*Asks:* 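The structure is given below, and queries will be raised subsequently.
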Amino acid sequence: MSDILDRLDAALADRRHADSESSYVASLHHKGLNKILEKVGEEAVETVLAAKDVDSGDSATQQALIAETADLWFHSLVMLSHLGLDHRQVLDELARRFGVSGHDEKAARQHGQD
Ligand SMILES: N=c1c2ncn([C@@H]3O[C@H](COP(=O)(O)OP(=O)(O)OP(=O)(O)O)[C@@H](O)[C@H]3O)c2ncn1[C@@H]1O[C@H](COP(=O)(O)O)[C@@H](O)[C@H]1O
């Protein structure tokens, strides 16, 4: 999986300063962080709506959710790229969390606040 993420991040870096007319990625960077965040929010909402529409066993609604999730991931990667970050830091964070129960992590956080 991370092969396509590596390739996509390389493409995002390459397209960052391209011509906005020919590159959607360049046009997002050109419009700035607020536009990119607006797209992330929009794609998050569309993902939630597509998930609510999934009919178990119905491949069309499942495919619609997959497409919306891909849009969300893509725009999230553009956001990271705009801020000088990339997917590797996110994967590292997921790796760091791997095997740590969310309940245990939350309890440790709350304990630390006492
Ligand atoms: N993976 C993607 C990708 N996924 C989704 N999109 C675009 O994201 C947009 C989705 O947003 P919407 O559905 O809201 O479309 P829209 O209505 O046209 O958008 P707005 O006008 O509302 O901003 C569409 O234009 C999609 O084509 C993507 N655009 C580019 N990529 C990758 O980025 C690379 C570089 O793209 P360019 O910069 O366009 O060359 C491509 O080769 C791909 O690998």
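One-based numbering, in listed order, for ligands and for the atoms of each. As the structure is a computational prediction, the values presented were derived from the model and not from experiment.
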*Asks:* Within the protein, is there a heavy atom lying under 4.0 Å from atom 26 (C) of ligand 1?
*Replies:*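 False for atom 26 (C) of ligand 1.
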*Asks:* Can you find a protein heavy atom closer to atom 21 (O) of ligand 1 than 4.0 Å?
*Replies:*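 Flag for atom 21 (O) of ligand 1 set to false, no protein heavy atom closer than 4.0 Å.
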*Asks:* Give the numbers and elements of all ligand 1 atoms closer than 4.0 Å to a heavy atom of Glu42.
*Replies:*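 Under 4.0 Å from Glu42, ligand 1 has these atoms: 14 (O).
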*Asks:* Is at least one protein non-hydrogen atom found at under 4.0 angstrom from atom 34 (C) of ligand 1?
*Replies:*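 Under 4.0 Å from atom 34 (C) of ligand 1, zero protein heavy atoms found.
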*Asks:* Parallel, tilted or perpendicular for Tyr24 and His75, by the 30°/60° rule?
*Replies:*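 The arrangement is perpendicular - the two ring planes meet at more than 60°.
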*Asks:* Report the nearest protein non-hydrogen atom to atom 12 (P) of ligand 1: residue, atom name, distance rounded to 0.1 Å.
*Replies:*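 Result: Lys39 NZ, 3.6 Å.
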*Asks:* Answer yes if Leu65 and Phe74 sit in the same cluster of Ile, Leu, Val, Met, Phe, Trp and Tyr residues linked by side chain heavy atoms under 4.5 Å apart, and no otherwise.
*Replies:*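 Unlinked, Leu65 and Phe74 end up in two clusters.
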*Asks:* Under 4.0 Å and counting heavy atoms only, is there anything from the protein next to atom 17 (O) of ligand 1?
*Replies:*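 Answer no: nothing from the protein, no heavy atom, is under 4.0 Å.
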*Asks:* Report yes or no: do Phe98 and Leu5 belong to one cluster of Ile/Leu/Val/Met/Phe/Trp/Tyr joined by side chain heavy-atom distances under 4.5 Å?
*Replies:*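 They do not share one cluster, since no chain of ILVMFWY contacts under 4.5 Å joins Phe98 to Leu5.
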*Asks:* If you have a sec, work out which protein heavy atom is nearest atom 5 (C) of ligand 1 and how many Å separate them, to one decimal?
*Replies:*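 Going by distance alone, atom 5 (C) of ligand 1 is nearest to Asp71 OD1, 3.5 Å.
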*Asks:* On a heavy-atom basis, which atom in Ala26 and which in Arg15 lie closest, and how many Å separate them?
*Replies:*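 The answer is CB-O, 3.3 Å.
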*Asks:* Give me the residue, atom name and distance of the protein heavy atom closest to atom 29 (N) of ligand 1.
*Replies:*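 Sorting protein heavy atoms by distance from atom 29 (N) of ligand 1 puts Phe74 CZ, 3.4 Å first.
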*Asks:* Test your reading of the structure: does Ala26 have an N or O sitting under 3.5 Å from an N or O of ligand 1?
*Replies:*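 Between Ala26 and ligand 1, no N or O pair is found under 3.5 Å apart.
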*Asks:* Could you go through the side chain to side chain contact (heavy atoms under 4.5 Å, CB included) check for His29 and Ser81 one step at a time?
*Replies:* CA-CA 9 Å; His29 287 295; Ser81 167; 3.9 Å; yes
*Asks:* Specify the protein heavy atom at minimum distance from atom 36 (O) of ligand 1: its residue, its atom name, and the distance to 0.1 Å.
*Replies:*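 Nearest protein contact, heavy atoms only, for atom 36 (O) of ligand 1 is Val25 CG2, 3.8 Å.
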*Asks:* On a heavy-atom basis, which atom in Gln62 and which in Gly57 lie closest, and how many Å separate them?
*Replies:*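 That would be NE2-N, 3.5 Å.
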*Asks:* Of all the atoms in ligand 1, which lie at a distance below 4.0 Å from a heavy atom belonging to Arg15?
*Replies:*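 In order of numbering, the contacting atoms are 35 (C), 37 (P), 38 (O), 40 (O).
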*Asks:* Show your reasoning for whether side chain to side chain contact (heavy atoms under 4.5 Å, CB included) applies to Arg88 and Leu91.
*Replies:* CA-CA 5 Å; Arg88 283 169 305 180; Leu91 293 187; 5.6 Å; no
*Asks:* Linking I/L/V/M/F/W/Y whenever any side-chain heavy atoms sit under 4.5 Å apart, do Leu72 and Val45 land together?
*Replies:*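 In one cluster with Leu72: Val45, no.
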*Asks:* Atoms of ligand 1 less than 4.0 Å from Glu43 heavy atoms?
*Replies:*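 Ligand 1 atoms under the 4.0 Å threshold to Glu43: 10 (C), 11 (O), 14 (O).
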*Asks:* Would you kindly specify which portion of Ala11 sits under 4.0 Å from ligand 1, judged on non-hydrogen atoms: side chain, backbone, both or neither?
*Replies:*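 Looking at Ala11 and ligand 1, no heavy atom falls under 4.0 Å.
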*Asks:* For atom 38 (O) of ligand 1, what is the closest protein heavy atom, and at what distance to 0.1 Å?
*Replies:*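 The answer is Ser23 OG, 2.5 Å.
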*Asks:* Record the part of Tyr24 in heavy-atom contact with ligand 1 below 4.0 Å; permitted values are side chain, backbone, both and neither.
*Replies:*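 Both backbone and side chain.
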*Asks:* Is the backbone N or O of Glu43 less than 3.5 Å from a side-chain atom of Thr47, with the two atoms forming a donor-acceptor pair by type?
*Replies:*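 Answer holds: yes.
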*Asks:* Backbone N or O of His87 within a donor-acceptor pair of the Asp9 side chain at under 3.5 Å?
*Replies:*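 The answer is yes, because a donor-acceptor pair under 3.5 Å joins these two groups.
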*Asks:* Are any non-hydrogen protein atoms located under 4.0 Å from atom 41 (C) of ligand 1?
*Replies:*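 It does not: no protein heavy atom is found less than 4.0 Å away from atom 41 (C) of ligand 1.
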*Asks:* Give the numbers and elements of all ligand 1 atoms closer than 4.0 Å to a heavy atom of His75.
*Replies:*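 Reading through ligand 1 atom by atom, the close ones are 8 (O), 10 (C).
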*Asks:* Of all the non-hydrogen atoms in the protein, which one sits nearest to atom 44 (O) of ligand 1, and at what distance?
*Replies:*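 The protein heavy atom lying closest is Leu8 CD1, 3.7 Å.
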*Asks:* Does Val78 belong to the same Ile/Leu/Val/Met/Phe/Trp/Tyr cluster as Leu37, with side-chain heavy atoms less than 4.5 Å apart forming each link?
*Replies:*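 Same hydrophobic cluster.
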*Asks:* Run the numbers on Leu12 and Asp86 for side chain to side chain contact (heavy atoms under 4.5 Å, CB included), then give the verdict.
*Replies:* CA-CA 10 Å; Leu12 294 185; Asp86 65 45; over 6 Å; no
*Asks:* For atom 2 (C) of ligand 1, is the nearest protein heavy atom closer than 4.0 Å?
*Replies:*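 Protein heavy atom within 4.0 Å of atom 2 (C) of ligand 1: present.
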